[in-house]
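Here is the structure we will look at, set down as structure tokens.
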There are 2 protein chains.
Amino acid sequence: MKEAFKALADPTRRKILDLLKAKDLTAGEIADQFEMSKPSISQHLKILKAANLIEDEKQGQYIYYHLNTTVFQELISWAMSFTKGDDTDA
Amino acid sequence: MKEAFKALADPTRRKILDLLKAKDLTAGEIADQFEMSKPSISQHLKILKAANLIEDEKQGQYIYYHLNTTVFQELISWAMSFTKGDDTDA
DNA sequence: TTATTATTTAGTTAATTACTTAAATACTTA
DNA sequence: TAAGTATTTAAGTAATTAACTAAATAATAA
């Protein structure tokens, strides 16, 4: 989760996650949605992957990225522990 | 939410939230839990407050801090939108 | 009023982060 | 094999962040 919190702090990375919510995309397709160099997006993807928020899958010369929902589930539990009626530890 | 994501990226700030989950505390009581200067903790409290994750209340010479759960609720909704079963199109 | 306690604000510095361009790697196609 | 496309890695830099100490503000108590 530690890595995820840091990964989620950046608006570009949150937008990447939003894009992947709609459908799986290649690194290039993701980069096309931003006015930013491809290496920069590649770095962001690397950080999201290290945080287990996304996974990649190579298909020929392309690398497809897709969401990994497990950390989002953990995040839900974590946030719920701060709302009334839930005593669960972080 | 933008501010909240950045606020949550720091482990010291997440620990402050954990402490406030148990009970309301003064700035000094919070600072006592860390091996860090009081001004540093004060800055973290300021950031958490700007993110609407906590609120303060002055009582005499003390300032009590307590959780504000509204942004946590928003965070839950946000994270749920990434998990299966919350398909907005369904 | 003066001193004490609680806390924040200001100013500075070191570490981290988010970009950039250039080069490297990997796959595909002619 | 050589050229082209997709993507990452490397190296460098500017902006941001998180810490510190010192000073300021505010309330309390002597």
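These numbers were taken from a predicted model, which means no experiment stands behind them. Per chain, numbering begins at 1; letters A, B, ... match sequence-line order.
Scanning DNA chain D 5' to 3' for nucleotides with an atom closer than 4.0 angstrom to a non-hydrogen atom of chain B gives a first and last hit of dT17(D) to dT28(D).
At dA18(C), none of the side-chain N or O atoms of S40(A) fall inside 4.0 Å of OP1 or OP2 (strictly under the cut-off). Regarding contacts with the backbone of dA18(C), every side-chain N or O of S37(A) stays at 4.0 angstrom or more from both OP1 and OP2. Distances shown here put every side-chain N or O of K38(B) at or beyond 4.0 Å from the OP1 or OP2 atom of dT8(C). Remark: H44(A) is not in phosphate contact with dT17(C), judged by side-chain N or O atoms under 4.0 Å from OP1 or OP2.
Note that CD1 of I41(B) and CZ of F34(B) are 5.0 Å apart. Values are rounded to the nearest 0.5 Å. Summarising the geometry, atom NE2 belonging to H44(A) is positioned 6.0 Å from atom CD1 belonging to I16(A); distances are rounded to the nearest 0.5 Å.
Nucleic acid contact class of K49(A) (heavy atoms, under 4.0 Å, all strands): none. Across all strands shown, F34(B) has no heavy atoms under 4.0 Å from either base or sugar-phosphate atoms.
The minimum heavy-atom distance between N52(A) and N68(A), with the atom names listed, is O-ND2, 3.3 Å.
Y65(A) and Y62(A) end up in different hydrophobic clusters when Ile, Leu, Val, Met, Phe, Trp and Tyr side chains are linked at under 4.5 Å.
Residues Q43(B) and D10(A) each lie close to DNA chain C; by heavy-atom proximity, the contact nearer the 5' end of the strand is made by Q43(B). The nearest heavy atom of DNA chain C to K58(A) and to S42(B) marks one nucleotide each, and the one closer to the 5' end goes with S42(B).
In terms of modelled atom types and a separation under 3.5 Å, the side chain of R13(A) and the main chain of L45(A) share no donor-acceptor contact. Proximity of a side-chain donor or acceptor of T69(A) to a complementary backbone N or O of F72(A) within less than 3.5 Å is not detected.
Taking atom CD1 on I30(B) and atom C1' on dT8(C), their separation rounds to 14 Å, with Å as the unit. At whole-Å resolution of the value, OH in Y62(A) and P in dT28(C) are 10 Å apart. Atom NZ in K46(A) sits about 14 Å away from atom P in dT17(C), given to the nearest Å. Distance CD1 (I41(A)) to P (dT21(C)): 14 Å, rounded to an integer number of Å. Here dA26(C) presents its P atom at 19 Å from CD of Q59(A), a figure rounded to the nearest Å. Following rounding to the nearest Å, Q61(A) (CD) and dA24(C) (C1') show an atom-to-atom distance of 16 Å. Distance E57(B) CD to dA6(C) C1': 16 Å, rounded to the nearest Å. Atom CG of L8(A) is separated from atom P of dT17(C) by 14 Å (rounded to the nearest Å).
Summarising the local packing, NZ of K49(A) is surrounded by 12 or fewer heavy atoms from other residues, nucleotides or ligands at distances under 6.0 Å.
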